[in-house]
Amino acid sequence: MDNNNQFTMEETPNYSIEERFAIIEACLFAAGYPLTYDKLGDVLGITAAECEDTVEKMAAVYNNDSALPRGVMLVRFPESCQLCTKEAFGDQIKIALGMKKGGNLSQSLLEVLAVIAYNQPTTRAFVDAVRGVDSSYAVGALCEKDLIEQCGRLDAPGRPSLYRTTTKFLRVFGISELSELPTIKLKNEGGEAVEIVPTVDPVTEQVEMEIE
């Protein structure tokens with residue numbers, strides 16, 4: 001018989017909701033990076049769906065500052081969750097850890113990131129066309145920072161790479177999904193007001209998800 005630490009059906013603990021909260025908090029704190037609902041569900045002896053529901057309830061309590069303000073927040077993603085420090089305490093954290101100021105994204109990186117975030121998945125050529133300048137360096141830098149990633153190739157001549165934002169992008173900007181990005185209000189050439197919202201480009205249907 002295989003000797004491992006996994007629970008059998010008879011040994012599966014029946015944790016209370018408070019115990020689940022405490023265990024999830026301990027695991028996320030120890031990890032320091034997102035843990036999937038599958039993994040946390042295994043720890044709690046419940047399904048991933050049940051774990052996600054538990055985390056949703058936990059977030060409603062954990063992120064409520066009315067009674068006990070916290071310096072961290074529980075951030076939920078489509079398949080995982082993580083404990084993150086709040087942006088409001090960034091300066092104090094840098095002092096405590098002896099971190100130098102800076103590290104912010106340059107204007108060019110923010111421009112490229114915004115174009116991709118609101119038009120993903122998209123090609124670098126599209127980003128270049130929107131900005132009117134070459135974006136090779138910016139795209140490469142954002143990939144190195146793990147804020148965007150290659151997600152396939154466009155079924156078109158040359159098969160250009162397609163890019164999308166990552167889970168780290170959501171974490172850095174403190175959102176759980178792209179729909180939480182703010183709507184951008186602009187005026188077109190005719191002076192009419194238009195709104196830009198984050199959507200998945202129809203080109204997705206033409207993508208062959210083969211990463212080299």
L154 and L162: which non-hydrogen atoms are nearest, and at how many Å? N-CD1, 3.7 Å
Name the one of T54, L40, V43 that satisfies side chain to side chain contact (heavy atoms under 4.5 Å, CB included) with R20? T54
Are the side chain of K168 and the backbone N or O of K145 linked by a donor-acceptor pair below 3.5 Å? yes
Residue pairs passing the salt bridge (Lys or Arg N to Asp or Glu O under 4.0 Å) test with at least one member in residues 109-132, sequence neighbours excluded, are E111-R131, R124-D128, R124-D134
I need the minimum non-hydrogen distance between E149 and T165, along with the two atoms involved. OE2-O, 4.3 Å
Do any N or O atoms from the side chain of R70 and from the backbone of Y62 form a donor-acceptor pair under 3.5 angstrom? yes
Note: F169 and L147 closest approach over all heavy atoms is CB-O, 3.5 Å
Verify same cluster id: L28, I17 (apolar side-chain graph, 4.5 Å): yes
Please determine whether the number of non-hydrogen atoms from other residues, nucleotides or ligands lying under 6.0 Å from atom CD of E79 exceeds 12. no
If you measure from CD on Q120 to OH on Y163, what distance do you get to the nearest 0.5 Å? 13.5 Å
For the pair Q82 (side chain) and G32 (backbone), establish whether a donor and an acceptor sit closer than 3.5 Å, ignoring hydrogens and angles. yes
Residues, nucleotides or ligands: over 12 heavy atoms within 6.0 Å of Y33 OH: no
Using a 3.5 Å distance criterion without hydrogens, assess whether the side chain of Y37 forms a donor-acceptor pair with backbone atoms of S80. yes
Check this for me: K86, atom NZ, are more than 12 non-hydrogen atoms of other residues, nucleotides or ligands nearer than 6.0 Å? yes
T47: partners by side chain to side chain donor-acceptor pair (under 3.5 Å), with sequence neighbours left out: E50
Minimum side-chain heavy-atom gap Y137-S108 below 4.5 Å: no
Strictly distance-based, threshold 3.5 Å: is any side-chain N or O of T123 a donor or acceptor partner for the main-chain N or O of P160? no
